[in-house]
Amino acid sequence: MAVFEKKNLPKDHHRFMELALIEAEKAFAADEVPVGAVLADCDGNIISAAYNQTISRHDPTAHAEISALRDAGQKLKNYRFVNTTLYVTVEPCIMCMGAIIHSRVENVVFGASDPKWGAAGSLYEFHTDMRLNHQPRITGGIYKERCRQLMVDFFKEKRL
């Protein structure tokens with residue numbers, strides 16, 4: 001079994017969250033739930049970026065996080081992303097946290113919490129379950145209000 005060194009990961013969370021917000025705005029413009037994600041390596045290089053496309057792709061798994069991980073796998077020719085940080089505008093759901101854990105993402109940084117679907121502290125705490133073979137570190141609340149407001153604006157517009 002290979003042992004992976006835990007490296008220092010990017011500390012400039014705001015820079016990467018800004019990029020995730022740009023992805024979320026793309027989703028909003030495409031009439032998709034506005035969630036964006038960016039995967040960065042420990043040197044601060046962006047590996048992939050994506051936004052929700054469940055409606056346009058007719059695919060319930062086309063969440064921003066899953067799409068970013070899929071793209072990273074193709075680019076890196078690997079399904080494991082050790083020493084990476086996933087930035088996402090909204091707390092990952094159960095499905096996305098499962099993929100994050102399977103892919104060995106080291107850190108997850110999110111903006112707004114999701115009390116209805118969140119699996120990184122709000123509804124579930126998958127990242128603390130020692131029965132699983134990987135526990136990513138979680139940081140929440142980066143640009144929390146901006147990320148939350150984007151969701152509020154999207155659903156307010158939907159109700160009009």
Side-chain angles (χ1 to χ4, degrees), residues 9-10 12-41 45-76 79 81 84-129 132 134-160:
L9 296 159
D12 186 6
H13 295 320
H14 292 90
R15 174 180 158 236
F16 294 102
M17 191 57 78
E18 287 278 354
L19 298 171
L21 275 161
I22 289 169
E23 293 297 316
E25 289 166 358
K26 290 177 188 177
F28 193 114
D31 206 26
E32 298 273 359
V33 176
V35 178
V38 171
L39 185 67
D41 68 17
N45 300 306
I46 295 170
I47 300 168
S48 62
Y51 58 91
N52 273 7
Q53 296 180 54
T54 57
I55 298 165
S56 60
R57 289 187 179 180
H58 312 287
D59 180 355
T61 70
H63 288 199
E65 302 95 319
I66 300 292
S67 295
L69 295 175
R70 284 181 177 148
D71 185 46
Q74 294 304 304
K75 287 178 180 172
L76 300 175
Y79 66 102
F81 311 119
T84 62
T85 300
L86 182 66
Y87 295 88
V88 61
T89 56
V90 176
E91 179 182 359
C93 71
I94 298 163
M95 173 184 67
C96 292
M97 278 303 293
I100 288 163
I101 291 166
H102 278 293
S103 64
R104 308 299 193 276
V105 169
E106 196 70 37
N107 296 290
V108 176
V109 177
F110 68 86
S113 296
D114 187 346
K116 292 185 179 183
W117 288 98
S122 289
L123 188 59
Y124 299 102
E125 294 186 5
F126 281 14
H127 62 289
T128 64
D129 192 330
L132 301 173
H134 178 68
Q135 291 79 37
R137 287 184 291 251
I138 305 293
T139 303
I142 305 297
Y143 288 144
K144 173 184 175 178
E145 189 52 34
R146 284 179 64 193
C147 296
R148 188 191 74 74
Q149 193 61 52
L150 193 58
M151 295 291 281
V152 168
D153 292 347
F154 177 79
F155 286 108
K156 186 183 292 182
E157 190 174 290
K158 285 286 177 203
R159 287 185 210 103
L160 293 177

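Throughout, residue positions are numbered sequentially from 1 according to the sequence presented.
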Q: List the steps, then state whether side chain to side chain contact (heavy atoms under 4.5 Å, CB included) holds for Q135 with T128.
A: CA-CA 6 Å; Q135 291 79 37; T128 64; over 6 Å; no
Q: Take atom NE2 of H102 as the centre, draw a 6.0 Å sphere, and report whether it contains more than 12 heavy atoms from other residues, nucleotides or ligands.
A: no
Q. What are the two closest heavy atoms between A64 and V35, and how far apart are they?
A. CB-O, 3.4 Å
Q | Distance (rounded to the nearest 0.5 Å) between R148 CZ and L150 CG | A | 11.0 Å
Q: Quick one: do Y51 and I22 satisfy side chain to side chain contact (heavy atoms under 4.5 Å, CB included)? Show the steps, please.
A: CA-CA 9 Å; Y51 58 91; I22 289 169; over 6 Å; no
**Q.** Test log, rule side-chain hydrogen bond (donor to acceptor under 3.5 Å, both in side chains), inputs Y143 and H14
**A.** CA-CA 8 Å; Y143 288 144; H14 292 90; 4.9 Å; no
**Q.** Where D71 and S48 come nearest, the two heavy atoms and their spacing
**A.** OD2-CB, 3.2 Å
(Q) Around atom OH of Y124, are there more than 12 heavy atoms from other residues, nucleotides or ligands closer than 6.0 Å? (A) no
Q. Would you say the side chain of N107 lies within less than 4.5 Å of the side chain of T139, judging by non-hydrogen atoms?
A. no
(Q) Can you tell me how far apart CG (D114) and OG (S122) are? Round to the nearest 0.5 Å. (A) 6.5 Å
Q: Tell me, with the steps shown, if V33 and M151 meet side chain to side chain contact (heavy atoms under 4.5 Å, CB included).
A: CA-CA 7 Å; V33 176; M151 295 291 281; 3.6 Å; yes
Q) Would you say the side-chain atoms of T89 pair up with the backbone N or O of L21, donor to acceptor, closer than 3.5 Å? A) no
Q) To the nearest 0.5 Å, what is the distance between CZ (F126) and SG (C96)? A) 11.0 Å
Q: Search all heavy atoms of C147 against all heavy atoms of M17 and return the closest pair with its distance.
A: SG-SD, 4.3 Å
Q | From E106 atom CD to F81 atom CZ, the distance as rounded to the nearest 0.5 Å | A | 13.5 Å
Q.
Donor-acceptor pair, distance only, cut-off 3.5 Å: does the side chain of E91 make one with the backbone of G121?
A. yes
(Q) To the nearest 0.5 Å, what is the distance between CG on L69 and CG on L86? (A) 6.0 Å
Q) Could you state the interatomic distance from CG (N52) to CD1 (I66), rounded to the nearest 0.5 Å? A) 10.5 Å
Q.
Side chains of D31 and K158, heavy atoms from C-beta outward: is any pair under 4.5 Å?
A. yes
(Q) If you compare all heavy atoms of T61 against all heavy atoms of R70, which two are closest, and at what distance to 0.1 Å? (A) OG1-NH2, 3.1 Å
Q: Under the side chain to side chain contact (heavy atoms under 4.5 Å, CB included) rule, what do I94 and M97 come out as? Steps first, then yes or no, please.
A: CA-CA 5 Å; I94 298 163; M97 278 303 293; over 6 Å; no
Q: May I ask you to decide if the ring planes of F28 and F154 are parallel, tilted or perpendicular, using 30° and 60° as cut-offs?
A: perpendicular
Q) Under 4.0 Å between a Lys/Arg side-chain N and an Asp/Glu carboxylate O for R15 and E18? A) no
Q | Expected output: side-chain E32 to main-chain S56 donor-acceptor under 3.5 Å | A | yes
Q.
Contact between R57 and S67 at the side-chain level, heavy atoms closer than 4.5 Å - yes or no?
A. yes
